[in-house]
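Note that the numbering runs from 1 along the sequence shown for the chain.
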Amino acid sequence: MQGLTNLETLRLESLPDLRCLWKGLVLSKLTTLEVVKCKRLTHVFTCSMIVSLVQLKVLKILSCEELEQIIARDNDDENNQIFLGDHLRSLCFPNLCEIEIKDCNKLKSLFPIAMASGLSNLQILRVTKASQFLGVFGQDDQASPVNVEKEMVLPNLRELSLEKLSSIVCFSFGWCDYFLFPHLEKLEVHQCPKLTTKFATTPDGSMSARLEVLLI
């Protein structure tokens, strides 16, 4: 197990009985993680695990039928309290460049909204064929509206793809309803019939995502 601590790339595929990725192992040098066809996996990380994954650049999760959360809480209440600190939450995955999610039909969102401000290096975001997916960022029950910005910026996002998401309602649900993508080059939104977020170009040429409010 000691030799695995230097692991940079990990691909787990067709492991039907896998329920968790690892316990008690610190993979601080991991840059790429791909999880494919692990049918019983319900979550990828726990709160305590992600603290050490500061080098992670690529995250791909494909065809994981039972996946409900990317990050689940630890059974240890102390770890949960540490994670729930706004400062640490914003530092999670500081080098993450690419996220791809496909065929994960029980997943409802990627991360809590408070983590959005920490994804400063995110360049590619693709979510495809997830029938229960409601929004990219979800509401965190522990977050206070005072501690969540009303406007979020993903400064390096260049490609955003949302396809075949029959339940998605908005880009982010929770306390923040406005996102800005100053360097977005490619936007694909297909077969998302319930999506209420409006994507538009701002006067300075940036792309924005704003929740449309219907007045009755």
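- Partners of F111 under the ring-ring contact (aromatic ring centres under 6.0 Å, His included) rule, at least two apart in sequence or in another chain, are F93.
- Taking the ring-ring contact (aromatic ring centres under 6.0 Å, His included) definition, one finds that F133 meets it with nothing, sequence neighbours left out.
- In the hydrophobic clustering, I124 connects to no other residue, as no ILVMFWY side-chain heavy atoms lie under 4.5 Å from its own.
- Pairing each heavy atom of L21 with each of L12, the nearest pair is CD2-CD1, 3.5 Å.
- Here the CE-CE distance, from M152 to M115, works out to 11.0 Å after rounding to the nearest 0.5 Å.
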- Intermediate values then yes/no, side-chain contact (heavy atoms from CB on, under 4.5 Å), L160 and F171: CA-CA 11 Å; L160 173 60; F171 185 79; 3.9 Å; yes

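- Screening residues 30-45 for side-chain hydrogen bond (donor to acceptor under 3.5 Å, both in side chains) gives R11-E34 as the qualifying pairs, with residues at least two apart or on separate chains.
- Within the model, atoms CD of E8 and CG of L27 stand 11.5 Å from one another, a figure rounded to the nearest 0.5 Å.
- A side-chain contact (heavy atoms from CB on, under 4.5 Å) with L96 holds for exactly one of L53, L59, V58, N121; it is L59.
- For residues 52-70, the side-chain hydrogen bond (donor to acceptor under 3.5 Å, both in side chains) pairs, not counting sequence neighbours, are E66-K106.
- Sorted by first and then second residue, the pairs that involve residues 127-136 and meet side-chain hydrogen bond (donor to acceptor under 3.5 Å, both in side chains), not counting sequence neighbours, are N105-S131.
- Using a 4.0 Å cut-off between a side-chain N of Lys or Arg and a carboxylate O of Asp or Glu, R126 and E163 do not qualify as a salt bridge.
- Judged by distance alone, the side chain of N156 and the main-chain N or O of S120 form a donor-acceptor pair under 3.5 Å.
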